2 protein chains.
Amino acid sequence: MAANILLVEDEPAIQELIAANLGRAGHHVVRAGDAETAQRIVREALPDLVLLDWMLPGMSGIELARRLRADERTRTIPIIMLTARGEEQDKVAGLEMGADDYITKPFSPRELVARIKAVLRRRAPQATEDPVVLGGLSLDPATHRVAAGERPVTLGPTEFRLLHFLMTHPERVHSRAQLLDQVWGDHVFVEERTVDVHVRRLRAALEPVGHDGLIQTVRGSGYRLSAQPAVAGV
Amino acid sequence: MAANILLVEDEPAIQELIAANLGRAGHHVVRAGDAETAQRIVREALPDLVLLDWMLPGMSGIELARRLRADERTRTIPIIMLTARGEEQDKVAGLEMGADDYITKPFSPRELVARIKAVLRRRAPQATEDPVVLGGLSLDPATHRVAAGERPVTLGPTEFRLLHFLMTHPERVHSRAQLLDQVWGDHVFVEERTVDVHVRRLRAALEPVGHDGLIQTVRGSGYRLSAQPAVAGV
DNA sequence: CAGGAAATTGACGATTTTGTGACAGGTCAC
DNA sequence: GTGACCTGTCACAAAATCGTCAATTTCCTG
């Protein structure tokens with residue numbers, strides 16, 4: 001959903017306007033005023049998407065697009081080009097150059113956001129959709145259902161993701177920091193204790209269906225999901 | 001990956017050439033030499049994809065595209081347009097009209113096949129004409145009718161397509177974005193919340209005939225049609 | 001066994017997501 | 001035209017979920 005976007009636009013007012021709108025939509029925006037700067041930033045930061053004005057001082061947008069498509073590392077980064085009404089040959093050239101979409105100025109912020117979303121959606125890799133079964137517990141990402149045997153288990157979104165991660169990485173201890181990275185996303189700023197609370201909620205949801213010791217606490221390290229019972233001392 | 005493809009092309013030699021190549025790639029090809037014929041065939045056969053030459057005698061390709069997009073039954077059928085080099089304004093107009101892709105003559109057979117594959121991949125298999133029955137609810141695409149047992153259910157076109165898609169892909173959770181792609185078509189830009197509204201209308205239409213929990217909300221993910229209850233009461 | 005760090009727990013306000021009713025345009029058959 | 005749909009969007013209401021805190025409890029260490 002949120003993405004790193006490089007905005008290449010020489011007109012400061014328009015740049016500001018677009019950046020503000022994208023920011024409001026939850027995207028992280030990096031700006032460049034000319035193609036050379038843009039090229040450098042792309043190499044360094046590898047953004048998720050490039051918003052490229054066609055009319056630029058110095059190197060043209062079309063040339064930048066060509067170079068990005070020529071470089072192995074930047075080849076797959078989606079490009080949406082911004083064109084003024086009437087520059088039809090540019091649009092076509094841009095699409096032939098490998099732009100993924102174009103949008104004609106003036107455009108509504110909403111349309112821009114929608115197009116970005118659509119392009120990103122097409123590129124997004126399909127998440128693992130395979131059902132996971134482990135010790136009588138089954139979780140199916142496709143149907144978004146969890147069941148202990150026959151009995152369904154109701155979970156909130158975060159609990160669901162947490163359980164999904166734990167079930168796909170069982171028998172292993174995960175620190176709170178790791179869980180925050182994997183389940184919440186590494187850009188989120190939340191307390192580590194929050195993990196505890198969600199683990200507790202998960203346990204509470206699993207307990208009435210007879211899966212008590214499934215999630216084990218490893219004092220000082222983190223949590224572990226294990227089909228094996230937590231051993232005292234062997 | 002075999003698909004039913006309608007080829008609209010007035011030049012017999014080119015028509016033959018393309019048809020041969022597509023046939024070799026495992027596709028089933030139906031041909032039309034003009035837009036009027038094409039329109040009729042689309043209505044009858046509902047192909048998986050339309051390959052549309054832009055330069056046609058009589059009704060232009062662009063007009064045909066517009067009509068296909070206007071009819072709710074054919075709205076989501078992907079269109080790839082064939083253009084001659086230099087017809088730049090046509091390409092732009094075509095994409096604005098809702099074509100999914102374009103390809104410039106002359107093109108290599110391999111490129112054509114690749115583009116077709118790409119466009120088809122973006123879309124789940126086109127729903128069939130077969131009636132669907134699920135949990136006492138029956139939907140017949142041919143007659144455009146929905147009934148709960150004996151009682152008929154009245155739906156608007158969008159609601160119908162939405163229900164049709166959900167019934168042909170039951171149990172699975174669909175995000176709003178996916179539903180927009182599949183039901184509205186991925187060239188349409190509408191708010192995601194629009195899906196909510198239509199789901200609500202669909203629920204409202206289904207409720208008086210005793211199909212309450214059929215469409216379930218999966219918080220944070222989307223919607224799911226399921227014969228099974230969302231949660232098991234104690 | 002005491003001290004203290006680490007983890008559990010219950011509560012709660014804030015935030016996010018979804019449900020709902022209303023409405024302004026647009027289309028189409030008449 | 002014109003009246004009966006249909007649609008997409010909005011604003012607001014209702015729900016569900018989230019993150020945090022402080023009070024406890026648990027568990028190790030010495």
Side-chain angles (χ1 to χ4, degrees), chain A residues 1-2 24-26 108-111 113-114 144 146 153-163 173-177 179-180 183-185 187-207 212-224 230-233, chain B residues 66-67 69-73 75-76 144 146 153-163 173-177 179-180 183-185 187-207 212-224 230-231:
Chain A
M1 168 120 44
R24 193 134 31 81
S108 74
R110 185 160 63 211
E111 184 182 4
V113 172
H144 211 275
V146 180
V153 178
T154 317
L155 300 177
T158 304
E159 288 145 45
F160 186 87
R161 285 201 309 276
L162 177 58
L163 179 60
V173 181
H174 307 283
S175 72
R176 291 172 175 74
L179 290 174
L180 282 180
V183 179
W184 274 257
H187 42 30
V188 184
F189 173 69
V190 288
E191 296 289 322
E192 288 207 335
R193 285 265 154 251
T194 301
V195 176
D196 295 34
V197 177
H198 278 273
V199 165
R200 172 181 160 275
R201 288 173 179 156
L202 237 191
R203 282 172 169 161
L206 258 31
E207 187 220 285
D212 293 45
L214 202 65
I215 301 176
Q216 300 157 5
T217 306
V218 180
R219 187 163 250 260
S221 299
Y223 295 96
R224 164 182 56 203
V231 280
Chain B
R66 200 190 62 72
R67 296 199 188 183
R69 289 300 185 229
D71 186 334
E72 46 108 351
R73 297 205 327 168
R75 174 176 299 178
T76 60
H144 216 270
V146 180
V153 179
T154 319
L155 299 177
T158 303
E159 287 144 44
F160 183 87
R161 268 182 290 126
L162 177 57
L163 180 60
V173 175
H174 308 281
S175 71
R176 289 164 230 279
L179 290 174
L180 283 181
V183 178
W184 276 256
H187 50 287
V188 179
F189 296 104
V190 293
E191 293 290 320
E192 289 204 338
R193 292 295 255 103
T194 301
V195 175
D196 295 45
V197 177
H198 279 271
V199 165
R200 174 179 161 280
R201 288 171 180 160
L202 195 49
R203 280 173 170 161
L206 257 31
E207 190 223 61
D212 292 48
L214 201 66
I215 301 177
Q216 299 157 4
T217 304
V218 179
R219 197 157 242 265
S221 297
Y223 294 98
R224 164 182 60 202
V231 289

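Values in this document were obtained by computation on a predicted structure and should not be read as measured data. By convention in this document, chain letters (A, B, ...) are assigned in the order of the sequence lines, proteins followed by strands, and residues within each chain are numbered from 1.
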So what does A/Asp196 touch, heavy atoms closer than 4.0 Å: a base, only the sugar-phosphate, or nothing?
base
Starting from P on C/dT16, measure out to CZ on A/Arg161 and report it in whole angstrom.
14 Å
Would you say A/Thr194 reaches D/dT20's phosphate, i.e. side-chain N/O to OP1/OP2 under 4.0 Å?
yes
Looking at the side chain of A/Val190, which of D/dG8, C/dA7, D/dG19 is the nearest nucleotide?
D/dG19
Indicate, with a heavy-atom threshold strictly under 4.0 Å, whether B/Val197 touches base, sugar-phosphate, or nothing.
base
Length of the line joining A/His144:NE2 and D/dA16:C1', which is rounded to integer Å:
14 Å
What is the nucleic acid contact for B/Arg203, judged by heavy atoms within less than 4.0 Å: base, sugar-phosphate only, or nothing?
sugar-phosphate
Do side-chain atoms of A/Arg161 reach the backbone of A/Val183 as a donor and acceptor pair under 3.5 angstrom?
yes
To the nearest angstrom, how far is B/His174 atom NE2 from C/dT18 atom P?
15 Å
When rounded to whole Å, the NE2 to C1' distance for the pair B/His198 and C/dT20 reads 14 Å
Go through the side-chain N and O atoms of A/His198 and A/Thr158 and say whether any donor and acceptor fall under 3.5 Å apart.
no
Side-chain contact check for A/Arg193: nearest option of D/dG19, C/dT8, C/dT18 is C/dT8
Calculate, to the nearest 0.5 Å, the distance between atoms CG and CG belonging to B/Leu155 and B/Leu206 respectively.
7.0 Å
Nearest-Å distance for atom pair CG/P, residues B/Leu179 and C/dT18
12 Å
Whole-Å gap separating P (D/dT7) and CG (B/Leu202):
11 Å
So what does A/Phe160 hit on the nucleic acid, given a heavy-atom distance under 4.0 Å: a base, only sugar-phosphate, or nothing?
nothing
If I take atom CH2 in residue A/Trp184 and atom P in nucleotide C/dT15, what distance separates them, rounded to the nearest angstrom?
19 Å
A/Tyr223 side-chain N/O to C/dT8 phosphate OP1/OP2 under 4.0 Å:
yes
Describe the nucleic acid contact of A/Arg201 in one word from base, sugar-phosphate, nothing, applying a heavy-atom distance below 4.0 Å.
base
Where the side chain of A/Arg224 meets the backbone of A/Val218, is there a donor-acceptor pair that is under 3.5 Å apart?
no
Side chain of B/Arg219 (C-beta onward), nearest among D/dG19, C/dT16, D/dC28
C/dT16
Closest non-hydrogen contact found for B/Val153 with B/Ala205 is CG1-O, 3.9 Å
Calculate the interatomic distance between B/Glu207 atom CD and C/dT20 atom C1'; express it in whole Å.
13 Å
How would you label the contact of B/Thr217 with the nucleic acid (heavy atoms, under 4.0 Å): base, sugar-phosphate, or nothing?
sugar-phosphate
DNA chain D nearest-nucleotide lookup for A/Glu159 and B/Glu192: closer to the 5′ end is B/Glu192
Nearest listed nucleotide, side chain of A/Arg200, among C/dA5, C/dT9, C/dT18:
C/dT9
Test A/Tyr223 against every option in A/Val173, A/Leu162, A/Asp196 by the side chain to side chain contact (heavy atoms under 4.5 Å, CB included) rule and name the one that passes.
A/Asp196
